[in-house]
Each structure stands twice: as structure tokens, then as C-alpha cells.
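What follows is a set of notes on a single structure, which appears directly below.
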Amino acid sequence: IRQPALSEKGVTICSNVNAQACNGESVLMEAAGSGNPDCVELLLRRGANPDLAGVTGHLPIHRAAYEGHYLSGHYLALKILIPVTSKKAVRLSGQSPVHSAADGGHAQCLRLLIENGYEVNTVLEKHISENYGDRRRSPLYFAVSNGDVPCTEMLLNAGARPDRDPLRCLLVAIRAGCYKIVRLLLSKQAEVNCYFTAVSDTVFPTALQYCLRDDIMMRLLLNHGYAADRCFCCHHDDSCKNNFCCCVRTNFVTVSIFQNL
């Protein structure tokens with residue numbers, strides 16, 4: 001299947017073009033993964049089912065989108081698979097090829113999918129999201145976590161929302177020190193004062209915890225409406241006054257940092 005071409009005779013002799021390997025991957029999935037558009041077209045002509053999912057739930061269109069560099073055959077394979085793959089099969093898979101293209105870092109494949117009506121704000125189904133430690137859900141999160149500026153910009157320009165994940169995309173970019181992506185997100189009205197309560201139950205802004213030693217990032221956040229006053233608040237009850245409250249410990253650090261800005 002990884003040869004430049006697959007003969008009509010070879011497919012005719014094959015008893016079942018929809019045969020699946022032990023991992024559930026079909027012949028068409030292998031052809032899409034190898035970036036061979038001729039094989040993809042031939043298999044489709046011979047009755048291969050583009051909606052046949054593997055054990056992981058992926059369809060051939062997901063594989064082509066993930067592997068699909070613009071100058072390779074994967075992009076052409078994706079172009080062939082888009083019109084023949086049913087939106088229902090994609091929905092039942094629990095994941096969009098937009099996720100796959102963003103994860104693979106292929107902006108041209110993203111563009112192709114968006115131009116063909118694929119939604120940029122679709123989220124992973126819960127059982128798939130839970131396979132990731134950060135519980136990521138959106139295509140934008142994949143692009144941001146990869147530090148991929150072109151894919152991030154394309155998704156944002158297509159209307160991707162930066163608030164679809166438990167850990168906000170902005171916090172991911174701040175933690176990674178990706179200034180350009182942070183600027184892109186803020187320009188699209190990402191909430192600068194967002195929180196990740198799994199990290200802390202204080203009202204101390206989460207973003208600051210990720211850039212305490214990065215004065216460039218801190219200035220960037222402050223210039224976009226960062227609520228610095230929240231750094232000096234404590235919402236705990238009186239029971240913590242006898243102890244050295246975590247809010248107080250954090251605030252001592254914050255004061256010294258702001259004084260040096």
C-alpha cells in the first residue's frame with residue numbers, strides 16, 4: 001500500500017477492500033496515512049468505506065489531516081476524503097479532523113477543512129478528552145500547546161473561542177512563554193483574568209503564577225487589563241488568620257515583583 005501506485009488488478013483480486021487489521025485500521029486508513037492519493041482514489045472507486053473507524057475512533061480523514069503537510073500526498077488525500085466522508089461519521093467519532101490538523105501542525109490542511117465547512121469550535125467528546133492529563137477539548141488548545149503560531153492565528157481568525165477548555169489557552173501560552181500567541185489571544189478578547197481552580201482555590205490570578213519571573217509577560221498582561229488588585233485579596237475565612245495563609249505568602253512575593261517593574 002505504500003508503493004507509488006496500487007494496481008486495479010491488485011484491488012480486484014483483494015477479497016475485501018474494507019478489511020481491517022487487528023488494530024482496527026482499514027486499508028483506506030493506511031493509504032491515507034501513507035499519503036498516497038492514487039491509492040485513496042482507487043480504493044474509493046472499488047467501494048472502500050471512508051466512514052469506517054479504527055479502534056481509537058479515528059477515520060481516514062483524521063489520519064490524512066494529522067499527517068498532511070501541504071507539499072505531501074496527505075494534503076491531496078485529505079482533499080479527496082473531505083467530500084466523501086459523512087459529517088455524521090465524524091460526529092460519532094467524537095473528534096474532528098480539525099483537531100487532527102491542529103495537532104499535526106498543518107495550517108494548509110486546517111484552511112482546507114475550514115473552507116469546507118468544518119467547525120473550529122467543536123470539542124472532543126468527554127471520553128477522548130479524559131485521555132489527556134490537561135483535559136483539553138478544543139482544536140485551538142492543540143495549536144497553542146504546540147506553540148504553533150500559524151495554526152493558532154488561523155483558528156482565531158476563523159472564530160475559534162479561547163475559553164473552551166478547563167485550562168484556558170491563554171494560561172497555556174503564558175506558562176510556555178509564547179509572547180506572540182499570548183498577543184494573538186488577547187487581541188481576540190481572551191479573558192486576561194481567567195483562573196484554573198484545580199491549581200489553587202484562592203482568588204489570586206492564575207496567570208501571574210505562571211510568569212512571576214517574566215517581567216515582559218507581566219507587563220503584557222497588565223497592559224491588557226490585568227486585575228493586579230486581586231493579587232492582594234484573600235477570600236478565606238477567619239480560621240486562616242492564625243496560620244500563614246497561602247494568599248499572604250503569595251502576596252509578599254507579588255509586592256516585591258511589582259515594586260521592581
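Positions are given from 1, in the same order as the sequence printed here.
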Gap between atom [atom2] of [Y] and atom [atom1] of [X] - 0.5 Å precision:
X: Gln95; Y: Thr122; atom1: CD; atom2: OG1; answer: 10.0 Å
X: Cys151; Y: Asn146; atom1: SG; atom2: CG; answer: 8.5 Å
X: Leu155; Y: Lys188; atom1: CG; atom2: NZ; answer: 11.5 Å
X: Leu113; Y: His99; atom1: CG; atom2: NE2; answer: 12.0 Å

Any donor-acceptor N/O pair, [X] side chain to [Y] backbone, under 3.5 Å:
X: Gln20; Y: Ala53; result: yes
X: His224; Y: Leu221; result: no
X: Ser93; Y: Val90; result: yes
X: Arg136; Y: Tyr141; result: no
X: Asn16; Y: Asn18; result: yes
X: Glu119; Y: Asn121; result: yes
X: Asp165; Y: Arg135; result: no

(message) With a 6.0 Å cut-off (strictly less than), is the heavy-atom count around NZ of Lys180, excluding the residue itself, greater than 12?
(response) no
(request) May I ask you to check whether over 12 heavy atoms, not counting those of Arg111, lie within 6.0 Å of atom CZ? (result)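 Atom CZ in Arg111 is not packed in, count stays at 12 or less.
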(request) Using side chain to side chain contact (heavy atoms under 4.5 Å, CB included) as the criterion, point out the one residue from Val40, Thr85, Ile61 that pairs with Leu78. (result) Ile61
(message) Out of the candidates Leu185, Ile181, Leu167, Val182, only one should pair with Val172 under the side chain to side chain contact (heavy atoms under 4.5 Å, CB included) rule; please name it.
(response) Leu167
(request) Could you tell me whether the side chains of Tyr179 and Asp214 share a donor-acceptor contact shorter than 3.5 Å? (result) yes
(message) Taking the ring of Phe142 and the ring of Tyr66, is the distance between their centroids below 6.0 Å?
(response) no
(request) Given side chain to side chain contact (heavy atoms under 4.5 Å, CB included), test Glu25 with His58 step by step and report yes or no. (result) CA-CA 9 Å; Glu25 294 191 354; His58 290 95; over 6 Å; no
(request) Group every Ile, Leu, Val, Met, Phe, Trp and Tyr by side-chain heavy-atom contacts under 4.5 Å, then state whether Ile128 and Val98 land in the same group. (result) no
(message) Does any part of the side chain of Leu140, heavy atoms only, come nearer than 4.5 Å to the side chain of Thr152, both counted from C-beta?
(response) yes
